[in-house]
Amino acid sequence: MDYRKGMLIYNGNAGQKDIEKSLAACVPVLSAELDSLILLPTKREGHARELCREYGSEVDVLFILGGDGTVHECINGLAPLEDRPAIGILPGGTCNDFSRTLNIPQNIRDAALAMISGEAEPVDIMQANEDYFLNFWGIGLVAEASENIKAAEKNLFGRISYFLSALRTIKEMEPFHASLIVDGKAIEEDAVMILLANGHYIGTNALPFENLDYNDGLADLFIIKDANLALMKEALTVDSMEANENILHYKGKEIQVSTEKRMEADMDGEVYSATPCRISVHEGHMQMIKPGQP
């Protein structure tokens, strides 16, 4: 690892024993390779974004100890900066989806060791109106399922709660009409879900589509026209699905999505955006550390 000054952001609202255990697993490994390592706990929602915006340009590398929500906040804090540090993800959440895309070990100590021996590579960042996302943006089924997750269920079942919520939501999902423009091409479709993917996982489930690439300068747009339990089961159990009459696939650098009525959008598991939305790809905008080849 060729970095000298590092910063580690972690969820300060987690249980004290969990925090101490997680920090003990990674800090000695990382600090041994750096001249300095600053530890910054988050204290409230949005704090990780603020910390990244304030201090991101002052360090060579940022380690994010947390889940997808913390990673999402950090990306939004760093993306507007002119000088951005390399990023290393130490998976500490429920799903840790983009860390899975980068093949980062899900054990925190193993992840820290992978950061030491790994190398940074460029990763595309997507901008949706004024905000940024790393893993996915979606409306319809994916956003409704995220909103319908029950807190008690998430605490008890962890990542399985996303599947349970989707099963509930799929029974109630009515198709909606969407108008899209993909690199100048107009598209009109009825759908139950529109998904723009940069990563390869959602809710720990690998997306069953070929040729997904997080540094090709393009977003993968999927329009799911119908939802049923059989389709969902297939999507969760097969390694590869090709586009068909039920699943339309496009690639684009500039994508506009409009719906007849305002629809909430899920970005990386965070529901606070909505349609209409203009999405653009910032090619290779971040340097992210991934494990070296064995």
- [ ] Consider only side-chain heavy atoms of I, L, V, M, F, W and Y, link residues closer than 4.5 Å, and tell whether M286 and Y3 are in one cluster.
- [x] yes

Open item on the list: Could you check whether S99 and Q106, counting side-chain N and O atoms only, form a donor-acceptor pair closer than 3.5 Å?
Closed with: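 There is such a pair (donor and acceptor under 3.5 Å, judged by atom type) between the side chains of Q106 and S99.
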
Does a salt bridge link [X] with [Y], judged by any charged N lying under 4.0 Å from a carboxylate O?
| X | Y | result |
| --- | --- | --- |
| R4 | D35 | yes |
| K43 | E50 | no |
| D213 | K251 | no |

TODO: Classify the ring geometry between Y132 and H282 as parallel (under 30°), tilted (30 to 60°) or perpendicular (over 60°).
DONE: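 The rings of Y132 and H282 sit tilted, inter-plane angle from 30° to 60°.
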
TODO: Would you please classify the geometry between the H249 ring and the F222 ring as parallel, tilted or perpendicular, with 30° and 60° separating the classes?
DONE: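 Answer is parallel, since the angle falls under 30°.
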
- [ ] Answer yes or no: does atom CD of E188 have more than 12 heavy-atom neighbours from other residues, nucleotides or ligands under 6.0 Å?
- [x]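 Enclosed: over 12 neighbouring heavy atoms sit under 6.0 Å from CD of E188.
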
Please table the atom pairs, donor to acceptor, closer than 3.5 Å between any side-chain atom in residues 136-143 and protein atoms at least two apart or in another chain.
none

Task: Any residue meeting side chain to side chain donor-acceptor pair (under 3.5 Å) with E189, in chain and number order, not counting sequence neighbours - done: K225

Task: Selection residues 39-62 - residue pairs positive for ring-ring contact (aromatic ring centres under 6.0 Å, His included), sequence neighbours left out - done: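 For residues 39-62, and leaving out neighbouring residues, there are no ring-ring contact (aromatic ring centres under 6.0 Å, His included) pairs at all.
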
Task: Interatomic distance, I289 atom CD1 to F63 atom CZ [nearest 0.5 angstrom] - done: 5.0 Å

